[in-house]
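For clarity, every value in this text was computed on a predicted model and none was experimentally measured. Order of the sequence lines sets the chain letters (A, B, ...), proteins ahead of strands, with each chain counted from 1. All values below come from the heavy atoms of this structure, side chains included, with hydrogens, waters and symmetry mates left out.
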Number of protein chains: 2
Amino acid sequence: MSSMTAARISPPADRPRPGLRERKKIKTREAIRAATYALVEEQGYDATTIDQIAERAEVSPSTVFRYFPTKEDIVLTDEYDLVLAEELRARPKDEAWTDSIRHIMLAAARTGIKDDFEVAKLRTRLLVDVPAVRSRMMESMSVTGRLLCGAIAERTGRDPDSLEVRVHAMSLAGGLMETSLYWAENGHQGDFPALLDRALDVLQHGLGEEDS
Amino acid sequence: MSSMTAARISPPADRPRPGLRERKKIKTREAIRAATYALVEEQGYDATTIDQIAERAEVSPSTVFRYFPTKEDIVLTDEYDLVLAEELRARPKDEAWTDSIRHIMLAAARTGIKDDFEVAKLRTRLLVDVPAVRSRMMESMSVTGRLLCGAIAERTGRDPDSLEVRVHAMSLAGGLMETSLYWAENGHQGDFPALLDRALDVLQHGLGEEDS
DNA sequence: CATGAATTGAGAGTAGCTTCCAAAAGATGG
DNA sequence: CCATCTTTTGGAAGCTACTCTCAATTCATG
């Protein structure tokens with residue numbers, strides 16, 4: 001689930017030597033993000049303008065937009081969806097795919113939160129407070145949904161574009177997102193992995209003693 | 001599900017006489033919406049500016065914003081969530097609440113599409129084409145989610161704010177929204193109520209021969 | 001070191017959206 | 001019918017996210 005609390009599970013691994021250009025790009029990207037996080041903590045999201053971000057990151061405003069299409073993306077973007085997909089594919093193929101998802105989400109949440117508890121909290125808080133951010137996050141939810149479609153299709157042999165698979169994937173994604181929201185709304189009490197576990201139960205088995 | 005394909009199930013009913021002021025407000029509101037629909041059909045969503053909308057609706061741009069907080073809302077806003085909630089409450093209380101939802105959604109979809117097939121198509125098409133609209137729609141999904149929380153809580157006696165109920169509600173909302181998207185992406189083939197029916201099956205019973 | 005490609009900065013421009021104030025129009029009581 | 005009060009409207013000014021273009025700079029390559 002992008003921008004939620006996911007983390008790199010496997011390290012970037014072996015890359016020969018990116019060349020100065022690439023390294024500078026990465027540095028700029030992180031400078032912008034760092035500046036944004038800092039400013040948002042200081043003044044709040046809306047009060048933080050792109051110009052301020054640019055100034056603190058020591059780049060021009062145009063550069064900021066070259067790196068991130070929207071302001072919300074600076075706070076939200078991560079590249080974990082891809083990692084998640086890989087990990088999903090790496091699970092034993094005879095494992096129930098619901099279990100695969102459970103394992104991966106839990107692992108991601110655990111390491112993610114350990115890695116950067118403050119960032120995770122800031123992000124989820126913004127999710128609750130700033131409509132634009134929540135909105136953008138929901139956008140990314142549909143990306144995650146498509147991703148899940150692929151995974152589900154692979155395991156069950158169904159058509160990834162079928163209504164059934166898509167509905168199921170999206171309902172999963174929606175439920176997982178709500179979990180993050182719930183966590184943030186309740187002041188980040190309790191540990192997130194435990195919440196995730198409960199949420200996944202509901203998503204797998206419904207609401208318990210129900211009447212379906 | 002707001003902005004999807006819902007329709008008034010029960011007519012506005014008995015209101016004494018709204019007074020000229022109220023009537024004018026409603027007329028203005030609908031003028032703005034009509035103007036927007038027309039312009040969007042002619043030129044596309046992005047190419048349509050607020051000024052154009054204002055001009056065609058014969059109001060000032062500021063008035064447009066007085067009636068709709070954002071451009072997306074002009075296309076999306078409807079008041080059916082409330083109606084839906086009422087209808088939900090009107091269902092027999094001993095009915096399985098999943099069945100209640102099924103009945104209401106199906107009824108709403110049927111009459112809604114009959115009422116205004118073109119608008120329903122335009123809306124869902126925008127949902128697919130325009131990220132901002134899709135985004136806004138997802139926002140409203142969370143409103144629908146909260147609504148479902150209330151309904152579910154009433155029937156099951158659970159806490160509407162509990163993680164379990166919220167996750168379940170949101171997964172429902174997500175699945176239903178994906179159904180609209182699916183319908184639109186496939187060129188509005190097949191009838192929507194049938195799709196809804198299949199989607200609700202998945203949401204109630206999972207993906208069939210699975211391993212949970 | 002020279003040439004070519006990619007990255008950046010600066011500036012102008014668009015459009016969504018907010019805010020504020022004065023003018024117009026509907027409601028209310030005499 | 002008029003006077004007053006309230007609500008609604010239009011106009012203008014302004015902020016900011018975001019886009020586009022072009023020249024300058026920086027890195028890569030032979």
Which nucleotide sits closest to the side chain of [X]: [options]?
X: B/R21; options: C/dA25, C/dA15, D/dA17; answer: C/dA25
X: A/R66; options: C/dG9, C/dA27, C/dC17; answer: C/dG9
X: A/K24; options: C/dT19, D/dT19, D/dC27; answer: D/dC27
X: A/F65; options: C/dG16, D/dG11, D/dA17; answer: D/dA17
X: B/I50; options: C/dA10, C/dG16, D/dC18; answer: C/dG16
X: B/T49; options: C/dG16, D/dG11, D/dC18; answer: C/dG16

Hey, is the side chain of [X] poking within less than 4.0 Å of OP1 or OP2 on [N], counting only N and O atoms?
X: A/T63; N: C/dG9; result: yes
X: A/K25; N: C/dT7; result: yes
X: A/Y67; N: C/dT7; result: no

Nucleotide [N], atom [atom2] - distance to [atom1] of [X] in whole Å:
X: B/E22; N: C/dA27; atom1: CD; atom2: C1'; result: 12 Å
X: B/R136; N: C/dG16; atom1: CZ; atom2: C1'; result: 15 Å
X: A/Q52; N: D/dC18; atom1: CD; atom2: P; result: 15 Å
X: A/K71; N: D/dT19; atom1: NZ; atom2: P; result: 15 Å
X: A/E55; N: D/dT16; atom1: CD; atom2: P; result: 14 Å
X: A/L20; N: C/dT8; atom1: CG; atom2: P; result: 11 Å
X: B/R29; N: D/dT9; atom1: CZ; atom2: P; result: 12 Å
X: A/R23; N: D/dC27; atom1: CZ; atom2: P; result: 11 Å

Practice problem: Select from A/E58 and B/Y45 the residue whose nearest nucleotide in DNA chain C is closer to the 5' end of that strand. | Solution: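 So the residue in question is A/E58.
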Checking side-chain polar atoms at under 3.5 Å, does [X] have a donor or acceptor matched by the opposite partner on [Y]?
X: B/S135; Y: A/E139; result: no
X: B/T179; Y: A/R166; result: no
X: B/R155; Y: B/S100; result: yes

Quiz item: Taking 4.0 angstrom as the limit, do A/R158 and A/E164 come out as a salt bridge?
Solution: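 Judged by the 4.0 Å cut-off on N to carboxylate O distance, A/R158 and A/E164 do not form a salt bridge.
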Exercise. Inspect the contact between A/R134 and A/D129 and indicate whether a charged nitrogen and a carboxylate oxygen are less than 4.0 angstrom apart.
Key: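 No, no charged N to carboxylate O under 4.0 Å.
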Exercise. Pick base, sugar-phosphate or nothing for A/F68, based on heavy-atom distances below 4.0 Å to the nucleic acid.
Key: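 Touches nothing.
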Quiz item: With nearest nucleotides of DNA chain D determined for A/S62 and A/A47 from heavy-atom distances, which residue corresponds to the more 5′ nucleotide?
Solution: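 Taking each residue's closest nucleotide, the earlier one in sequence belongs to A/A47.
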Exercise. May I ask you to check if A/R29 and A/F68 form a cation-pi contact, with NZ or CZ under 6.0 angstrom from the six-membered ring centre and within 45° of the axis?
Key: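 Yes, A/R29 and A/F68 form such a contact.
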Quiz item: DNA chain D in dot-bracket, Watson-Crick or G-U pairs under 3.5 Å, [ ] crossing, | other strand?
Solution: ||||||||||||||||||||||||||||||
